[in-house]
Structures are given as C-alpha cells and as structure tokens.
K.L.:
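So that we are looking at the same thing, I have put the structure below in structure tokens.
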Amino acid sequence: MRLLRTGVGVGVCTAALVLGVLAAPAQAGAPPAGGDVPALSGPHGAGWAVKDTATDSRFRGLAAVSRTTAWVAGSGGTVLRTVDGGRSWRNVSPPGAVAERLELRDIEAFDARRAVALAIGEGEASRVLRTEDGGATWAEAFRNPDPRAFYDCLTFFDARNGLAMSDPVDGKFRILSTGDGGRSWQVLPDAGMPAALPGEAGFAASGQCLAAAGPRDVWLATGGGASARVLHSADRGRTWRVAQSTLPAGDPARGVFALAFRDRTRGLAVGGDYRAGQPSPQAAAVTSDGGRTWRQAAAPPPAYRSGAAWYPYGAATAFAVGPTGTDVTTDGGRSWRALDTGSYDTVDCAPDGGCWAAGEKGRVARLERR
C-alpha cells in the first residue's frame, strides 16, 4: 500500500519481555527434550533478547527458519542472515537492491540457503528476488511491468508453490503465482477475485498481509476502505470469498495489517490505525471457521499491531507486535496481555519453537529463556 512507502515513525523502548503463565495445552505437543526452546511455563520464563545487527535499517521482512537460522529484509535493500542464533549476522544484501535503495518488505526462507524476497513500490519498484546459496548471489525472478500495480506481500504453501499480492488493478486485487519455488511468476486471472472497495489496498507493514496454511488455503488482509476485510481462497488464489473483520476501518490508515493462521480454520487478524497517537480500540479479531466470520477480541491489544505469529508449542498461544509493544494470547486470540513496550514491526516463529521479532533501527530479537 502506498501509505507505507516510508516508515511510520516510532520510538525505541525497552525490549524486556516477561511472559505470564503460558503452559502449553496437552494437545499442542512439547518442545524437544534437552533443547533451548523457551518452555513458556513460568512467570519469568522467556523474553526478547535483542541481537546486534550493526545496522540501522528498518526490518519489516522476517523469516524464522529455526532457533539458529533467520533472515531479515528491510530498507535500503538490506538483507541479513544468521545461522548461530543471532550472535553474528552476515550481510547478504542483493547488490542491485542496495544500489537502488529498494524497500524489501517481505522475505520467505526455506532454509539457510534458499530465500525469496519482495521489494515493494509502484511499477518496476515491485520485484521478487531469489537466492539459492545463502545470499551470496541473487537472481531477479520478477519485475512488475504494470505502473498501476504495487505489490505488498508474498507467502508460500510449500517450497515450490507461493503467491504474491498487489493492490487493486482495474478494481481487483492482483495475484502473482509461482510453482517452482519462486524462479518464475505469472499473474493469475482475476475472474474469481471480488471487486475491491473504493480506497481498499493491502499494507506492506510486516510481510503478513498474505498468509497461507496447508497446501491450498490462503488469506488476504485489506485496509483503507469502508470496511477492513479478509479474503480467503481455498484453491491457491484462483477464486476468493470475502468476509468483514471487526478491525478499525473507514480511513486510509486503518485496517487489517497482519494475518496468522495456525491451520485452515483457526486464525488471527491484527491491525488498527498505524498513525502515532491514534486510538485502535479493536486491534485484533479471531476466526475459527477459516475466515468466514470474525469475532472481535474480548480484550484486544491496547494499540495498533502490525505483526502476529502463533507459538508452535502452545495450541492457543500467539504473539502480536507493533511500535508500542508486544502482546501475547493464551486463549487463541480472545484476550491479549500487553507484555512489552519494545518497538517491533514483525514477528515469526519456526517449527522448532524459534521465535524472532524485527523492526526499526536494526532491531532484531529472539525469544530466549531468562
């Protein structure tokens, strides 16, 4: 969305995170024995440990591969990668992206070597870049030829199949598809896409305005229109159905900024009004029917939130982050507890329980035991 071509100014706060009693339900599985995954079972069990990235780039793109491996992408064409839990970071920025100062707002990584990054912007500023050697070299897989398109987010169902989404063109959101791991991309027909509302678009705030779960289901978050909506496709983006969320709407700065789905039925939506000082009294919603209907959180986060992620070892545990703090839910999104005042734009958790957060001024943190 064009509103987010430049960063939203926020302040830096403390990064201490004290998690309340977050014992994982029995059906959620347990962390690997002997590992260093936070158990999240005590009043002071875990917190964000900030990692020195030696840069002041703003990272809105984040891919958590594991406890040890993560990628971040951000302003000035910057891409960093760690394979040692954040103790050191390798600058693996694509040279062309750095030279052109591209805004990299999303990155999806399959492992320590393979990643796909999205640059946002009008026309040719929107690009997809791909690496297969840990960022040593990058190939441009897609450059947007249409000056009317503005790509915001991308997501993958698996290591081969993925989608990217653009703000509406000719009154409909545009969907880009790959079936070869991001090497090539094609625009999908829009016959199955509902009409966009006047002023409706996506937010390139955290790489989470497009979210997939399972082999075929994907959801698209919108804002800027009279309603903040969530679109769902069960066939990898060819046909869509639309639902209204309960999040703030009716202004170009309001809407759903991030989606997170634990499976094809249970999902979270977070957002609000991104302008500093503006209230966001209904900043979160929850669905249990795959996005057909959304219910307002009974106790939502206290302010705008731009990113969300489920914790792998708690069936009802998830995090939401934003410029004024981090919140946690232990009841599937019905209620949230504000636990941190640190500024983060995006959050992601790997299957092994490795959770990472990233944001302004080079801030990257990992969830660790205290």
K.L.:
Under 3.5 Å, is there a donor-acceptor pair linking the side chains of Thr324 and Arg305?
P.N.:
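Short answer, yes.
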K.L.:
For the CZ atom on Arg295, are there more than 12 heavy atoms of other groups (residues, nucleotides or ligands in this structure) within a distance under 6.0 Å?
P.N.:
yes
K.L.:
Does one side chain, of Ser57 or Thr55, offer a donor that lies under 3.5 Å from an acceptor on the other?
P.N.:
yes
K.L.:
Would you please say whether a donor-acceptor pair under 3.5 Å links the side chains of Gln244 and Ser227?
P.N.:
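Yes, a side-chain donor-acceptor pair sits under 3.5 Å.
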K.L.:
Might you confirm whether atom CZ of Arg143 has over 12 heavy atoms from other residues, nucleotides or ligands at distances under 6.0 Å?
P.N.:
yes
K.L.:
Verify the neighbour count for atom CZ of Arg264: are there more than 12 heavy atoms of other residues, nucleotides or ligands below 6.0 Å?
P.N.:
no
K.L.:
Please check if atom CZ in Arg238 has more than 12 non-hydrogen atoms from other residues, nucleotides or ligands closer than 6.0 Å.
P.N.:
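Result for CZ/Arg238: open.
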K.L.:
Are Gln282 and Thr246 close enough that a side-chain donor and a side-chain acceptor fall under 3.5 Å?
P.N.:
no
K.L.:
Side chains of Thr329 and Asp327: any donor to acceptor distance under 3.5 Å?
P.N.:
no
K.L.:
Under a 4.0 Å threshold between the charged nitrogen and the carboxylate oxygen, would Asp158 count as salt-bridged to Arg160?
P.N.:
no
K.L.:
What residues, two or more places apart in sequence or in another chain, satisfy side chain to side chain contact (heavy atoms under 4.5 Å, CB included) together with Thr131?
P.N.:
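Partners of Thr131 by the side chain to side chain contact (heavy atoms under 4.5 Å, CB included) criterion, ordered by chain and then number, come out as Trp71, Ala115, Asp133, Trp138.
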K.L.:
Salt bridge check, Asp146 against Arg148: does any charged N sit closer than 4.0 Å to a carboxylate O?
P.N.:
yes
